[in-house]
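By convention in this document, chain letters (A, B, ...) are assigned in the order of the sequence lines, proteins followed by strands, and residues within each chain are numbered from 1. In this text, all values refer to a predicted model and were calculated from it rather than measured experimentally. Only this structure's heavy atoms are used, side chains among them; waters, hydrogens and symmetry mates stay out.
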Protein chains: 2
Amino acid sequence: MYTEILKKTQLFSGVDNDEISAMLNCLQAETVDYKNGDYVFREGDFINQITVLVKGKLLVQRDDFWGNRSIVNVINSGEMFGEAYVAPGSGAMLNDVIAIEDSTIIAFDINRILTVCPSACKFHTDIIKNLLFTIAEKNRKLVQKIGHMSKRSTRAKLLSYLSDEAKKQNCSHFYIPFNRQQLADFLCVDRSAMSNELCKMRDEGLIKFNRNEFTL
Amino acid sequence: MYTEILKKTQLFSGVDNDEISAMLNCLQAETVDYKNGDYVFREGDFINQITVLVKGKLLVQRDDFWGNRSIVNVINSGEMFGEAYVAPGSGAMLNDVIAIEDSTIIAFDINRILTVCPSACKFHTDIIKNLLFTIAEKNRKLVQKIGHMSKRSTRAKLLSYLSDEAKKQNCSHFYIPFNRQQLADFLCVDRSAMSNELCKMRDEGLIKFNRNEFTL
DNA sequence: TTTATTTCGTTGTAAAAACAACAGACATAT
DNA sequence: ATATGTCTGTTGTTTTTACAACGAAATAAA
């Protein structure tokens, strides 16, 4: 049914079409539909599933102790979620997950995934690898982001980020995948203040840039 | 040799002493000693191992494009590291890891861990589970931390954190595991400014606290 | 082409944070 | 008991940021 979409996800990368259908069975995957506005998870839920969104769009949001709501994340078709809560000691989910379009998910019991079945589907260990790699990759990006965000001033945040990009692309001349507003959101600073700081750095001869093209 | 220490790590939790020795063999674990000041990893290294520190202390540090050094993390005995780089597409390591005491590590090839051996050690799948859970757990904590740090003002960061703790402990009266300096470091703000903000919030009747004891 | 729309830089002002410096409370060691 | 060190709160000053508002340039749409 959704094998074409699953095939393109990181979790099933490298797995044949035929195998996917077979595995959905083996893993006792559960397909669930949600109407726009439905809750997929509620804060306080205990989950032991990882989930792939195969249709629609979800919002991860969070209300604090005083009821102030904030948007944590948007999940698009093909993306996996819930993977951070697979560990037994994770405790209850701290966010609400809400469908903001008519959506469909496929949920996998984490224990089924981690326990290689007796019939031992050919690609089962690949799935485990994919899962681990996906989480590890996300982890690495989070650590880098924290590295930038932890800097006190906007300038230091920018230098941290730009330095990283230059090193990653191994060249002092490089392109960033953000426009100004996106970069500001990523670094959690005000756009105009950031733009201002960028221009100051340019005037001081520290960097050069044009749109998303930078030279250190 | 180091089975007692390994036994206490998250990676080997639930595995018997005897089994650990057997597995070190099966996994072809490699034990390496470092003198104080030695490099364990260098920026630019490509690694495909996860590593447990069994003796000593390591520093994760990073130089930016202009040579400014910053300390990313401290690794203590029993802790695992390198796990974020296990995915094939992770690219080169972006940090230096340096021994700041005489240290000993045990390194495991990630492919050996993820490929269940023919002789199928009894606890091999447990290790995989432990590995996944450890990374997932770290992931969850990073996401939460970013949630707090992403708030613009010190007050908002504090409220985000305190609200989380209250929800986690399911009680508006709770203790935090930090002193003021540690909390400030965690939220990446200035200690005195934070202390000041806490007191303002107290004076406004928003919160009560005494040392690390808080009431919302 | 002309008209929207988005993106980016710029400015001034008000608010907030960093920083430095110090004093009181508390605990620990001598 | 005294001294030492750590932790916390407090204050004033300086620096930085957020915010709002606007115009120019670039892009997309009509």
**Q.** Verdict with reasoning, A:F178 to A:F186, per ring-ring contact (aromatic ring centres under 6.0 Å, His included)
**A.** CA-CA 9 Å; A:F178 296 131; A:F186 180 74; 5.2 Å; yes

**Q.** Audit row: B:N17, B:E4, side-chain hydrogen bond (donor to acceptor under 3.5 Å, both in side chains) steps and yes/no
**A.** CA-CA 7 Å; B:N17 268 7; B:E4 277 305 322; 3.0 Å; yes

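In summary, the aromatic rings of A:F12 and A:F108 are positioned with their centroids under 6.0 Å apart.
Among the atoms of the strands shown, base atoms are found under 4.0 Å from some heavy atom of A:R191. Nucleic acid contact for A:N179: sugar-phosphate only, since backbone atoms but no base atoms lie under 4.0 Å from a heavy atom of the residue.
Put simply, B:R152 has no side-chain N or O that comes within less than 4.0 Å of OP1 or OP2 on D:dT17. Using a 4.0 Å cut-off, no side-chain N or O of A:R180 falls inside it from OP1 or OP2 of D:dA25. Distances shown here put every side-chain N or O of B:S195 at or beyond 4.0 Å from the OP1 or OP2 atom of D:dT8. Using a 4.0 Å cut-off, no side-chain N or O of B:N196 falls inside it from OP1 or OP2 of D:dT10.
In this structure, A:I207 and A:T215 have side chains that are not in contact, with every pair of non-hydrogen atoms separated by 4.5 Å or more.
Scanning residues 204-215 of chain B for heavy-atom distances under 4.0 Å to DNA chain D yields B:F209, B:R211.
Rounded to whole Å, atom P of D:dT16 lies 13 Å from atom CE of A:M201. The CG atom of B:D190 sits 13 Å away from the C1' atom of D:dT11 (whole-angstrom rounding).
A salt bridge links A:K167 with B:E43: the distance from a Lys NZ or Arg NE/NH1/NH2 to an Asp or Glu carboxylate oxygen falls below 4.0 Å. Under the 4.0 Å criterion applied to side-chain N and carboxylate O atoms, A:E83 and A:K138 are assigned as salt-bridge partners. Under the 4.0 Å criterion applied to side-chain N and carboxylate O atoms, A:R62 and B:D164 are assigned as salt-bridge partners. At a threshold of 4.0 Å, the pair B:E197-B:K157 does not count as salt-bridged, since none of the basic side-chain nitrogens sits closer than that to a carboxylate oxygen. Taking the charged nitrogens against the carboxylate oxygens, B:R155 and B:E204 do have a contact shorter than 4.0 Å, which makes a salt bridge.
Chain A approaches DNA chain C within less than 4.0 angstrom (heavy atoms of the protein), and the contacting nucleotides run 5' to 3' from C:dT7 to C:dC19.
Position along DNA chain C of the nearest nucleotide to A:A193 versus B:M194 favours A:A193 as the more 5'-ward residue.
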